[in-house]
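Below you'll find the structure, written out as structure tokens, and then a few comments.
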Protein chains: 2
Amino acid sequence: MTLDRLAASPQADDERAERILAAARELLLAWGYKRVTVDEIARRARIGKGTVYLHWKTKETLFTELLRRELHKQLGILAAGIGQDASAALPSRLVREVFLQQTRNPLDRALHAGDSDVLGALAITANGLPVIQELGFHTLLARVVDVWRAHGLVTVTAPAADQIHTIDAVLTGFMTGGIAVPPSEEFPPDHRADLLGHTIKAALETSAGPDEVTLRAAAQDVLAALAAAQGTLAEARSRSAAR
Amino acid sequence: MTLDRLAASPQADDERAERILAAARELLLAWGYKRVTVDEIARRARIGKGTVYLHWKTKETLFTELLRRELHKQLGILAAGIGQDASAALPSRLVREVFLQQTRNPLDRALHAGDSDVLGALAITANGLPVIQELGFHTLLARVVDVWRAHGLVTVTAPAADQIHTIDAVLTGFMTGGIAVPPSEEFPPDHRADLLGHTIKAALETSAGPDEVTLRAAAQDVLAALAAAQGTLAEARSRSAAR
DNA sequence: CGTGTGACCAAATTTCAAAACTGGTCATGC
DNA sequence: GCATGACCAGTTTTGAAATTTGGTCACACG
């Protein structure tokens, strides 16, 4: 365990942090927050338990960073999609994509659903708020809605707060999938994503689609909002490090 | 306890059943299914415990009937609303009303949300399905959507199954209220109901509102569907009685 | 020297058997 | 012949002991 590393270079430190995070991620998905022990994480990362605490003050900050990274990555994927095709910045398209991402990535799903089987004590933060709020998702949503309004992609007759709430509720509803209707193979994620997209489009978007120029400008602003949110996440990271 | 009743008339029997049901309802709301004991129900209804079993085979059938009655009553209120104003049969209006009912009536809410704090073991039936499904809500929703389609109140370009799923998901989403947005006093139930109604309307209803004649005809058919569902509920009741 | 470690500690969680409770029955009394 | 509550088997709760776990730190190692 001690043969391969002579001095601690910052580089090796980073690589070690990654290993810890990777181990934590695997275990979180397999067992859920509560059952994962710091000891086990250390064993998987092939380091001593104390070393984990050289990187994070507590088990909680370690996992919080893991979640921050997850959201950071998700935002990156969204941004990439918009970069490739500006129309992916449209409300219906963006919400659709978020839905698909949550469907595919178990951690994202747990995060947005506040799944306490996976998140355990993390599901609700010290402030009594769901993690997803703590991570600034609400702020991002509000900013993006503002961008959409500024560029006329969504109606401005309705208050922004109403639109935010509608998006939140509808997305959540499609995530849980409703209650009355029995799950069926007729509804694969892609299809449900389409229904969600259609609902968002009908409820919020302006009837006439935007012209090319407006769309590109709006896409730029959405990208900026995403980047800003990523920045906030990255910044919070350094604040939770042990050293 | 025996002075006031000499012979058991069917009438007195019914009145007694009502007392039991009323006691069960109070206790269910106060304590939740699991904590409510048959003993306590009997005490509240001022009868012996064994007497409860003269009316229902098990604790579970007793509470299932309670829930059936609750849904029956809710359907009655919906029907009354339509009787008074045919436009209450429109998708957006009807869903809106269901939402408000669930918001106001704790039992309805528990029923539709599958709240296991209240419903306990009842939340999931012996068949592994949520109670609300067992009670035929899905069948009713499917029928009503068909009526709407037949009368051109909703688009017929989209499959009915998609529309059912959309209604279910959106209603559920507004019930839980989303995750990302912190609850606020800005969003009283009435306001959220409006947002829900708007969403359903935009996502499903045909752009041109129906003429008076069509609306009335559709309203009649919706009423018939509601009455049929009530009939099914009442019929199931007799099947669960002990005698 | 300074980094990494695992033995160690207090606090939290799990175990497990005894005690208490509860759904459902039925012999009894009215 | 209907209503009742004592009674029973099976389940749940309790609580104290045993185990586990997050977090610390004295020490070994390079």
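What's counted below: heavy atoms across the whole structure, side chains too, no hydrogens, waters or symmetry copies.
Between the CZ atom of Arg43(B) and the C1' atom of dG23(C) there is a distance of 14 Å, rounded to whole Å. Look at CG on Leu54(B): it is 9 Å from C1' on dT4(D), rounded to the nearest Å. Remark: P of dT25(C) and CH2 of Trp56(B) are 16 Å apart, rounded to the nearest angstrom. Distance, Lys49(B) NZ to dA3(D) P: 18 Å, rounded to whole Å.
Here the CZ atom belonging to Arg104(A) is positioned 7.5 Å from the CD atom belonging to Gln101(A), to the nearest 0.5 angstrom. To the nearest 0.5 Å, the span separating CG on Leu71(B) from CG on Leu66(B) amounts to 11.5 Å. If you take NZ on Lys59(A) and CG on Leu62(A), they are separated by 9.0 Å, rounding to the nearest 0.5 Å. How far CD1 of Ile82(A) is from CG of Leu94(A): 5.0 Å, rounded to the nearest 0.5 Å.
Taking a 6.0 Å sphere around CZ of Arg35(A), one finds it holds 12 or fewer heavy atoms contributed by other residues, nucleotides or ligands. By the neighbour-count criterion of 12 heavy atoms within 6.0 Å, atom CZ of Arg19(B) is densely surrounded, having more than that number from other residues, nucleotides or ligands.
Under 3.5 Å, the side chain of Lys57(A) and the base of dG23(D) form no donor-acceptor pair of N or O atoms.
Nearest nucleotide to the Tyr53(A) side chain, out of dT4(D), dG22(D), dT5(C): dG22(D).
Inspection of the Asp162(A) and His191(B) side chains reveals an N or O donor paired with an N or O acceptor under 3.5 Å.
For DNA chain D, the residues of residues 58-68 of chain A within the heavy-atom distance limit of 4.0 Å (strictly under) are Thr58(A), Lys59(A), sorted by number. Applying a 4.0 Å cut-off to non-hydrogen atoms, the residues of residues 31-41 of chain B that approach DNA chain D are Lys34(B), listed by residue number.
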Problem set entry | salt bridge (charged side-chain N to carboxylate O under 4.0 Å, His left out) evaluation trace for Arg93(B) with Glu97(B) | CA-CA 6 Å; Arg93(B) 292 284 305 279; Glu97(B) 200 53 44; 6.0 Å; no
